[in-house]
Amino acid sequence: MATVVSAAARLLRGSGARGGRPRFGLPAHRQFSSGGAYPSIPLSSPLPGVPKTVFATVDGQEKFETKVTTLDNGLRVASQNKFGQFCTVGILINSGSRYEAKYLSGIAHFLEKLAFSSTAQYDSKDEILLALEKHGGICDCQTSRDTTMYAVSADSKGLDTVVGLLADVVLHPRLTDEEIEMTRMAVQFELEDLNMRPDPEPLLTEMIHEAAYRGNTVGLHRFCPTENIAKIGREVLHSYLRNYYTPDRMVLAGVGVDHEHLVECARKYLLEAQPAWGTAEAVDVDRSVAQYTGGIIKVERDMSNVSLGPTPIPELTHIMVGLESCSFLEDDFIPFAVLNMLMGGGGSFSAGGPGKGMFSRLYLNVLNRHHWMYNATSYHHSYEDTGLLCIHASADPRQVREMVEIITKEFILMGGAVDAVELERAKTQLMSMLMMNLEARPVIFEDVGRQVLATHSRKLPHELCTLIRNVTPEDIKRVTAKMLRGKPAVAALGDLADLPTYEHIQSALSSRDGRLPRTYRLFR
């Protein structure tokens with residue numbers, strides 16, 4: 001004991017030993033910046049002789065505002081100030097699979113794969129990538145049901161080159177026979193991959209939209225059907241582009257750029273540009289509004305061999321049940337977003353932890369109580385004229401009926417009492433996710449572009465947070481009651497031998513407790 005105490009005493013005095021020999025002449029204590037040289041200056045005062053720090057300042061909220069300018073041809077230019085060396089710039093177009101009612105389904109899918117190929121100024125995709133590489137740039141194109149987005153992230157000094165390249169890619173693609181043939185192969189591969197992947201969520205999303213809006217607008221196929229791959233050629237693409245790639249349906253958005261410089265580049269490259277498909281006036285523009293129909297889409301499939309690794313994935317049947325919500329232009333959009341966060345959910349193997357939604361209803365009421373369910377997740381899809389709130393669940397095929405009843409009960413419970421604590425948690429989590437996502441420059445770019453494309457302006461994050469904070473339990477009950485009055489949309493994939501009929505699911509969602517009607521079998 002004495003040895004330990006004496007050793008500790010030596011360490012405290014700063015006279016520790018190395019190899020059994022004492023070290024002399026060491027200082028009694030280490031000199032930190034807070035002591036020694038400036039012993040009497042408090043931490044709240046600046047150190048003498050140190051240059052004064054200059055911080056970036058913002059005068060009010062006006063510096064955060066998104067600036068929007070409309071050119072003479074109808075094209076809108078939107079920008080958002082953000083500090084940094086790099087910028088994200090892109091062209092968003094009011095175009096997508098929902099506008100293909102008069103065309104072959106799959107054109108938007110083809111255009112996504114053909115993006116950033118050869119143009120009037122660039123002979124190949126490699127030349128485009130080399131031009132971007134000089135400014136440290138990368139490019140991407142994404143197509144959804146209602147928006148096509150061409151985007152580039154690069155050094156801000158190369159803004160002129162980037163806007164010129166984007167204008168060339170969007171308005172002057174060559175669409176050579178070789179490029180179209182390569183695209184056909186890429187689309188065919190993506191369709192095969194979609195049907196083989198273990199996670200069926202993208203396929204179920206397609207199916208639920210098809211069931212909810214049968215044969216119209218957002219219910220049209222986002223992916224090109226196999227039978228149309230060989231039919232889509234340059235003439236078909238030009239016909240579509242002539243109607244939908246027009247300046248009044250476009251927004252040039254930029255984040256991390258000077259607005260006046262962006263407007264100047266837009267005037268230079270996009271104001272008088274003559275597209276490759278000519279200047280004939282658009283005649284077949286689809287202006288139809290989404291018509292919610294409800295219904296069921298079933299795909300019987302053997303899901304017993306979808307595992308790609310050594311550990312087999314158990315055979316599952318996947319069900320998605322949805323109801324019509326509202327468009328993102330309506331006031332009820334925010335309460336529906338809070339309701340979706342309140343439901344939450346996820347997979348049964350989630351690691352959990354703060355921010356993972358482990359206290360959401362689908363975790364507490366479903367996954368924590370029914371060990372045999374592999375997934376229960378809420379999704380909210382919203383568009384300019386409609387919306388869809390749905391729950392995706394997965395379980396063993398023998399327990400499909402019970403799983404569907406659990407989902408219908410959760411829908412009915414949405415219209416019941418809303419606990420103040422769970423509502424505050426959902427609102428806090430929604431604001432947290434919103435603000436964290438808007439830390440990323442590409443996300444800000446997409447938010448600016450999509451909002452300006454739909455509304456000609458942009459709600460700022462602090463405005464959205466105020467709307468989220470103002471959501472009350474009465475708002476949740478009101479939007480839920482309105483939603484439950486509609487017909488359900490159902491998508492089912494896998495072994496569906498025990499799937500309840502659509503009429504029984506509809507009856508359960510119209511009942512007080514969400515229970516399916518009892519069925520009796522003479523033979524089992």
Side-chain angles (χ1 to χ4, degrees), residues 204 207-208 211-212 292 294-298 316-326 332 335-336 338-346 348 357 359-381 387-419 422-423 426 473-493 496 498-520:
L204 280 167
M207 292 166 61
I208 196 75
Y292 182 86
I296 185 168
I297 298 292
K298 299 188 289 185
L316 300 174
T317 293
H318 302 270
I319 305 294
M320 195 175 275
V321 178
L323 291 166
E324 187 180 20
S325 58
C326 72
D332 284 343
F336 268 116
V338 174
L339 173 61
N340 179 57
M341 190 61 64
L342 185 145
M343 297 306 295
S348 59
F359 288 94
S360 63
R361 284 193 182 180
L362 290 180
Y363 264 110
L364 293 176
N365 299 348
V366 178
L367 294 171
N368 287 358
R369 296 184 181 182
H370 307 284
H371 65 89
W372 45 268
M373 287 191 69
Y374 280 76
N375 192 323
T377 311
S378 176
Y379 296 95
H380 187 218
H381 307 279
L388 189 66
L389 182 77
C390 46
I391 296 177
H392 169 210
S394 306
D396 186 279
R398 293 167 295 182
Q399 294 170 300
V400 167
R401 181 179 176 83
E402 190 177 353
M403 172 174 65
V404 172
E405 188 170 77
I406 288 169
I407 296 174
T408 56
K409 285 180 179 179
E410 287 303 313
F411 270 110
I412 298 300
L413 286 172
M414 289 182 195
V418 181
D419 183 70
E422 69 170 348
L423 180 61
E474 289 71 30
D475 292 328
I476 300 296
K477 294 180 71 173
R478 175 176 50 80
V479 298
T480 302
K482 178 183 175 183
M483 179 178 67
L484 287 171
R485 287 197 291 267
K487 292 175 61 178
V490 182
L493 176 68
L496 308 179
D498 292 334
L499 179 70
T501 64
Y502 177 77
E503 290 73 19
H504 282 188
I505 296 173
Q506 187 174 3
S507 175
L509 289 170
S510 303
S511 66
R512 289 187 174 184
D513 56 4
R515 289 183 179 275
L516 291 166
R518 297 301 93 186
T519 58
Y520 302 95

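Side chains included, hydrogens not; waters and symmetry mates left out as well; all remaining heavy atoms used.
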Original post:
Does the side chain to side chain contact (heavy atoms under 4.5 Å, CB included) test come out yes or no for V321 and L509, once each step is laid out?
Top reply: CA-CA 10 Å; V321 178; L509 289 170; 4.3 Å; yes
**OP:** Enter the distance from R401:CZ to L499:CG here, rounded to the nearest 0.5 Å.
**Re:** 10.0 Å
Original post:
For D498 and P397, which heavy atoms make the closest approach, and how far apart are they?
Top reply: OD2-O, 3.8 Å
Original post:
Within the side chain of Y292, is there an N or O that forms a donor-acceptor pair under 3.5 Å with the backbone of K487?
Top reply: yes
Subject >> Carboxylate-amine/guanidinium proximity below 4.0 Å for E410 and R361 >> reply: no
Subject >> Interatomic distance, M373 atom CE to N368 atom CG [nearest 0.5 angstrom] >> reply: 12.0 Å
Subject >> Identified side-chain contact (heavy atoms from CB on, under 4.5 Å) partner of L323 from the options L484, T480, L389, L388 >> reply: L484
Original post:
Between atom OG1 of T408 and atom CE of M403, what is the distance when rounded to the nearest 0.5 Å?
Top reply: 11.5 Å
**OP:** For residues M207 and A492, report the shortest heavy-atom separation together with the two atoms involved.
**Re:** CE-O, 3.3 Å
**OP:** Output the distance between atom CE (M341) and atom OG (S360), rounded to the nearest 0.5 Å.
**Re:** 9.5 Å
Original post:
Between the main-chain N or O of P488 and the side-chain N or O of Y502, is there a donor-acceptor pair closer than 3.5 Å?
Top reply: yes
**OP:** Please answer whether the main-chain N or O of Q506 pairs with a side-chain N or O of S510 as donor and acceptor at a distance below 3.5 Å.
**Re:** yes
Subject >> Contacts of type side chain to side chain donor-acceptor pair (under 3.5 Å), residue S325, not counting sequence neighbours >> reply: H380
Original post:
Which heavy-atom pair separates L316 from S394 by the least distance, and what is that distance?
Top reply: CD1-CB, 4.2 Å
Original post:
Between S511 and A508, is there a donor-acceptor pair closer than 3.5 Å when you use the side chain of the first and the backbone of the second?
Top reply: yes
Subject >> Side-chain donor/acceptor of T317 to backbone N/O of D396, under 3.5 Å >> reply: no
Original post:
Nearest heavy-atom pair of L339 and M483: which atoms, and what distance?
Top reply: CD2-CE, 4.4 Å
Original post:
Just how far is it from atom CZ of F336 to atom NZ of K482, taken to the nearest 0.5 Å?
Top reply: 6.5 Å
Original post:
Would you say I208 and I297 make side-chain contact, with heavy atoms under 4.5 Å?
Top reply: no
Original post:
More than 12 foreign heavy atoms under 6.0 Å from NZ of K409: is that the case here?
Top reply: yes
Original post:
With L362, which of L342, I406, I391 fulfils side-chain contact (heavy atoms from CB on, under 4.5 Å)?
Top reply: I391
Original post:
Could you walk me through whether I412 and D513 pass the side chain to side chain contact (heavy atoms under 4.5 Å, CB included) check?
Top reply: CA-CA 6 Å; I412 298 300; D513 56 4; 5.8 Å; no
Original post:
For D475, what residues pass the side chain to side chain donor-acceptor pair (under 3.5 Å) criterion, not counting sequence neighbours?
Top reply: T472, R478
**OP:** Heavy atoms only: give me the nearest L516-P500 pair and the separation to one decimal.
**Re:** CD1-CG, 3.7 Å
Original post:
So, are R518 and E405 salt-bridged, with charged N and O less than 4.0 Å apart?
Top reply: yes
**OP:** Could you tell me the separation between the CE atom of M320 and the CG atom of N375, rounded to the nearest 0.5 Å?
**Re:** 8.5 Å
Subject >> Intermediate values then yes/no, side chain to side chain contact (heavy atoms under 4.5 Å, CB included), I505 and V404 >> reply: CA-CA 8 Å; I505 296 173; V404 172; 3.9 Å; yes
Original post:
Going by atom types only, do T377 and H392 share a side-chain donor-acceptor pair under 3.5 Å?
Top reply: no
Original post:
Can you name the closest pair of heavy atoms from V418 and K477 and give their distance?
Top reply: CG2-CG, 4.3 Å
